[in-house]
Chemist: 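Would you mind keeping the following structure in view while I ask a few things?
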Amino acid sequence: MPELPEVETVRRDIAPQVTGRRIARAEVGPGPRYGSLADAAGRTIRQVDRRGKYLLFDLDDRELIINLGMSGRLFMAGSPPEDGHLRAVIQLDGPGAGYLVFVDMRKFGTLAIVRPGEYHAIPTLAAMGPEPLSDQFAFEPFCDAVAGGGTPIKALLLSQKAVAGLGNIYVDEALNRAGIHPAARGVSRKRALVLHQAIRDVLEEAIANRGTTFSLYRDGYMREGNHYADLRVYDRAGKPCPACRTPIEKTRVAQRGTYFCPNCQPISRLTAAGRS
DNA sequence: CTGAGCCCCTGGGCGC
DNA sequence: TGCGCCCAGGGGCTCA
């Protein structure tokens, strides 16, 4: 479900409601991906940050990490909702403070409490690349990372190592804007420059639209995102490319459904598999 | 260390 | 209507 724009939207929705609040009680349902929240009770939420698709709650000498997975929803409620997929409830102290609620149908989400900055138990977070909307996202290292090798550019971008926060939707959207075929192995310096900018454009526009809902995603108020109508290729197989009217094609790259415009994103000699 | 493949889990949609 | 198959914004583990 959620990629950087959706997670950032949730963060902005809930942060004002939980920051400075003390956690009265925290309960988590069973599941191998849900660590104990026993260490959360009694601590105060100082700040809510985000790294890639992970939400980081600063609890002073502990850090609560939440990854929404494919179907996770995190929102405030006056009381814990009747929902068969309710996985965790964090009760906040204070009059009318309410509950921070985690609902996760597919159980792919992750909950963990660690010492601040100790991410070794969460490998993707530990190896997370630069935040695309910050000054950390420098061009030269990115250019090197996407320059070549045996990996399709899409798989490389999904790995979170070259840049944080991209998932299946926004990888396809960014590659479309940059005119790069998702299966291309290696991106020229010139294309890398366009891609570097396209990633930031796509993510900023999606955040402005409060994220994309095509099925399960809901924001911190359980509302749908508004970005679906602005997608250029994702989930648009057979529909005309907004730029050239060529029908969008669907294929499979890195075991994920992949959408692209065969005219705007050709497999060229320079980008094709097998080129040295 | 890397990449490919498969796994985790639940539910919706579609074809037969 | 019912069943089976495939698909789905996530990450992680194992094996070559």
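In the text below, chain A, chain B and the rest are named by the order of the sequence lines, each starting its count at 1. No experiment lies behind these values; they were computed from the predicted model shown.
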Chemist: In whole angstrom, give the distance that lies between atom CD of Gln255(A) and atom P of dC6(C).
Modeler: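 For the pair Gln255(A) CD and dC6(C) P, the rounded distance is 16 Å.
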Chemist: Out of Arg252(A), Lys250(A), Lys154(A), His181(A), which residue meets the side-chain hydrogen bond (donor to acceptor under 3.5 Å, both in side chains) rule with Thr258(A)?
Modeler: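 Considering Arg252(A), Lys250(A), Lys154(A), His181(A), a side-chain hydrogen bond (donor to acceptor under 3.5 Å, both in side chains) with Thr258(A) is found only for Lys154(A).
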Chemist: If each of Thr151(A) and His85(A) is mapped to the nucleotide of DNA chain B with the nearest heavy atom, which maps nearer the 5' terminus, i.e. the 5' end?
Modeler: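 The residue mapped nearer the 5' terminus is Thr151(A).
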Chemist: Output yes when a side-chain donor or acceptor of Arg87(A) lies under 3.5 Å from a complementary backbone atom of His85(A), and no otherwise.
Modeler: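 Yes: the side chain of Arg87(A) pairs with the backbone of His85(A).
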Chemist: Please check: side-chain N/O of Gln160(A) versus main-chain N/O of Leu158(A), any donor-acceptor pairing under 3.5 Å?
Modeler: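 Yes, because the side chain of Gln160(A) sits within donor-acceptor range (under 3.5 Å) of the backbone of Leu158(A).
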Chemist: May I ask you to check whether Phe214(A) and Tyr234(A) place their ring centres under 6.0 Å from each other?
Modeler: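 Yes, they do, as the ring centres are separated by less than 6.0 Å.
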Chemist: Run the salt-bridge test on Arg51(A) and Glu131(A) with the 4.0 Å N-O cut-off and return the result as yes or no.
Modeler: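 Salt bridge: yes.
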Chemist: Nearest whole angstrom, please: distance from the P of dA8(C) to the CG of Asp172(A).
Modeler: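 Going from Asp172(A) (CG) to dA8(C) (P), I get 11 Å.
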Chemist: Could you tell me the boundaries of the chain A footprint on DNA chain B, defined by atoms under 4.0 Å from its heavy atoms?
Modeler: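 Footprint of chain A along DNA chain B, 5' to 3': dG3(B) to dG11(B).
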Chemist: When we call it a touch if two heavy atoms are under 4.0 Å apart, what does Arg87(A) touch: a base, just sugar-phosphate, or nothing?
Modeler: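 Here Arg87(A) touches no strand at all.
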Chemist: In this structure, how many angstroms lie between the P atom of dG11(C) and the CD1 atom of Ile66(A), rounded?
Modeler: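 Taking atom P of dG11(C) as the reference, CD1 of Ile66(A) is at 15 Å.
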Chemist: Provide, to the nearest angstrom, the distance between the CG atom belonging to Leu4(A) and the C1' atom belonging to dG11(C).
Modeler: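 One finds 16 Å between C1' of dG11(C) and CG of Leu4(A), rounded.
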Chemist: State whether a side-chain donor-acceptor pair under 3.5 Å links Tyr170(A) with Glu6(A).
Modeler: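 Note: Tyr170(A) and Glu6(A) side chains meet the donor-acceptor criterion.
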Chemist: So what does the secondary structure string of DNA chain B come out as, 5' to 3', with Watson-Crick or wobble pairs under 3.5 angstrom, [ ] for crossing and | for pairs with another strand?
Modeler: .|||||||.|||||||
Chemist: Base, sugar-phosphate, or nothing for Tyr170(A), non-hydrogen atoms under 4.0 angstrom?
Modeler: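 Touches nothing.
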Chemist: Is there a continuous path of hydrophobic side-chain contacts, each under 4.5 Å between heavy atoms, that joins Phe137(A) to Ile180(A)?
Modeler: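 Cluster IDs for Phe137(A) and Ile180(A) match.
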Chemist: Is it the case that over 12 heavy atoms from other parts of the model lie below 6.0 angstrom from the CG atom of Asp61(A)?
Modeler: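 Above 12, so yes.
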Chemist: For residues Thr110(A) and Tyr54(A), is any side-chain donor paired with an opposing acceptor at under 3.5 Å?
Modeler: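 Per modelled atom types, Thr110(A) and Tyr54(A) side chains form no pair under 3.5 Å.
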Chemist: I'd like the P distance from dG12(B) over to dG11(C), given in whole Å.
Modeler: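 To the nearest whole Å, 24 Å.
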Chemist: Under 4.0 angstrom, heavy atoms only, what part of the nucleic acid is Tyr228(A) near: base, sugar-phosphate, or nothing?
Modeler: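 The answer is nothing, as Tyr228(A) stays clear of every strand by at least 4.0 Å.
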Chemist: Any side-chain donor paired with an acceptor under 3.5 Å for Tyr259(A) and Asn176(A)?
Modeler: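 No pair is found: no donor N or O on one side chain lies under 3.5 Å from an acceptor on the other.
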Chemist: Tell me which residues in residues 102-118 of chain A put a heavy atom below 4.0 Å from DNA chain B, sorted by number, or none.
Modeler: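 Correct list: Met105(A), Arg106(A), Lys107(A), Phe108(A).
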Chemist: So, Asp13(A) and Arg210(A), do they make that salt bridge, N to O below 4.0 Å?
Modeler: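 Judged by the 4.0 Å cut-off on N to carboxylate O distance, Asp13(A) and Arg210(A) do form a salt bridge.
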Chemist: Mind checking if Gly257(A) touches a base, just sugar-phosphate, or nothing, with heavy atoms under 4.0 Å?
Modeler: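 Contact class for Gly257(A): sugar-phosphate only.
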Chemist: Return the value, rounded to whole Å, for the distance between atom CG of Asp235(A) and atom P of dC7(C).
Modeler: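 Distance, rounded to whole Å: 14 Å.
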